[in-house]
Protein chains: 2
Amino acid sequence: MVALESLKSQDRLLDRQAANSIRRQIVNGIMPPRHRLLETELAGNLEVSRGTIRSALMQLAAEGLVCQVAFTKWEVAPASVHEAWELYTLRAALEALAARLAAERATPADRAELEKVFAELEKAAGGGDREAIIDADFNLHRVVVGMSGHGRLIQQHEKLIQQVRFQMTHIGLTARDYHHLLEDHRALKDAVANGDADEAARLAQTHNSAEVERLLAESVEEKSAAAGRKGPG
Amino acid sequence: MVALESLKSQDRLLDRQAANSIRRQIVNGIMPPRHRLLETELAGNLEVSRGTIRSALMQLAAEGLVCQVAFTKWEVAPASVHEAWELYTLRAALEALAARLAAERATPADRAELEKVFAELEKAAGGGDREAIIDADFNLHRVVVGMSGHGRLIQQHEKLIQQVRFQMTHIGLTARDYHHLLEDHRALKDAVANGDADEAARLAQTHNSAEVERLLAESVEEKSAAAGRKGPG
DNA sequence: CTATAATCAATTGTTGACAATCGACCCGAT
DNA sequence: ATCGGGTCGATTGTCAACAATTGATTATAG
């Protein structure tokens, strides 16, 4: 029931398709951070003109996945702890707002959808398939944000998620143990479904802040380990 | 000491200049909401090629000031209470985060800058020049956000501010009386300067939420007034 | 040998021509 | 009179050639 709509989607424009293709390669880690992008090369690979590629790259730059140095080069965005910190702090703020709005406006259909995606996360966690768990995790957040009825928030969040995935694959931020992950999400889901706006916002905020903490902690570990290797040793 | 840097700024690229020109016209209300934009016409006016205009329009679309309907048209973004609501809720969330970070990281130089822009706001409020007050107001918020040291936050906020200005000129959201406005900002400034992160975040949040309340209240008034005119009357 | 300036190839920036698509208009059928 | 289909002008989408800029390389002077 969606396939028929796809014809009038904007995704048939060549520059969007090119952007989608390049985005996939960046987010999936095929193109590493700081990887240089040559307009001509991309144009050749995707069999479109340079102008089309240019248009695609500008879009990806607006999404934060690509950087441009005028007259000089395009490259894949850098990955670093600071970048990840920016993403998670932003994410916490945005998802807290979304959770609050979602709790305030939840309809029965919304609640059903929420239960559905949570059940999928539960199933994935039971299965133990990392990739499936990550997808289900993001999906649940996406649904909550979608429930906010806040167009700009939805759009910003989607961009953010793509950047998070990119950083994740390169910074190597591992998922928490599945039990905690599941209970965090269950609590968030329940708060939203029960219309407890303050609690939902708090949980969304906390959930993401916890990720930042872990990230920074791991980063410090790495640093001291590195210092240990070339320092006293 | 900044002028010398301007040569290597990216603003000398034609598409950026075109975007700046069009943006100014949109934000200043010269181009009304839903105003149709013709690539050829703009290209003629600004004396650049259509491709360059296209690039500029894509950038403005990413900033939320312009909408595109594929194969059909470009137009200036719509202005409505809902749009304004989206902007202010987002702004509250973003500025709350920024204020918290700013309070945590404020350096002496930051504090000095903060005092400076607040003094300018005070002076403008004393003078009574609406335009100057609005500029000083935005400037103070910009400084606080800049103090956060959060690149993405700064960028998002700048985009947001432009959209807010656009909506303001068309929705006709009037500024609060100058006394309250000044005291709100003084409290925020002090909280940030004193490093009281929680209080700074709360004030930023509240300050913006209050605007939303006023906006929605005015909107309801208008609606009931309109209903009154064509209803019982 | 180093520092500086000129040269050049590689790459991005800009343009105008050509193709694809859309919406309005017109026409005929019912 | 209204509805459906086709035509046409206007507008956007795509492309390939041309111009401008950069960073690396080489030559040169000290």
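The sequence lines fix the lettering, A, B, ..., with proteins before strands; numbering per chain opens at 1. Computed over heavy atoms, backbone and side chain alike; hydrogens, waters and symmetry mates excluded.
- Straight-line distance from the CZ atom of B:Arg16 to the P atom of C:dT12: 15 Å, rounded to whole Å.
- Here the closest heavy-atom approach between residue A:Ala92 and residue A:Ser209 is recorded as CB-OG, 4.4 Å.
- Comment: A:Arg142 does not engage A:Glu120 in a salt bridge, judged by the lack of any side-chain N to carboxylate O separation of less than 4.0 angstrom.
- Between A:His150 and B:Trp85, the two ring planes are tilted [angle within 30° to 60°].
- Of all nucleotides listed (C:dT12, C:dT14, C:dC22), C:dT12 comes nearest to the side chain of A:Trp74.
- With sequence neighbours left out, the side chain to side chain contact (heavy atoms under 4.5 Å, CB included) criterion links B:Glu113 to B:Lys116, B:Val117, B:Val143.
- Put simply, B:Thr52 has a side-chain N or O that comes within less than 4.0 Å of OP1 or OP2 on C:dT15.
- Rounded to an integer number of Å, the gap from B:Lys73 NZ to C:dT21 C1' is 15 Å.
- D:dG23 atom P lies 12 Å from atom CD of A:Glu75, rounded to whole Å.
- With rounding to whole Å, A:Phe71 atom CZ is found 6 Å from D:dT21 atom P.
- A:Leu13 places its CG atom 13 Å from the P atom of D:dT12, with the value rounded to the nearest Å.
- Of the residues in residues 32-41 of chain B, those lying under 4.0 Å from DNA chain D by heavy-atom distance are B:Arg36, B:Leu37, B:Leu38, B:Glu39.
- Separating the CG atom of B:Leu14 from the C1' atom of C:dT15 is a distance of 11 Å, rounded to the nearest angstrom.
- One finds a salt bridge joining A:Glu83 and B:Arg152 here, because a Lys/Arg side-chain nitrogen approaches an Asp/Glu carboxylate oxygen to under 4.0 Å.
- For B:Thr72, whose side chain is taken as the heavy atoms from C-beta onward, the closest listed nucleotide among C:dG23, D:dT14, D:dG23 is C:dG23.
- Among all heavy-atom pairs drawn from B:Arg16 and B:Asp11, the shortest one is CB-CA, 4.2 Å.
- For the pair B:Leu46 CG and C:dT14 C1', the interatomic distance rounds to 15 Å; values are reported in whole Å.
- For the salt bridge (Lys or Arg N to Asp or Glu O under 4.0 Å) test, no residue two or more places apart in sequence or in another chain qualifies with A:Arg24.
- The separation between A:Glu47 atom CD and D:dC15 atom P is 11 Å, rounded to whole Å.
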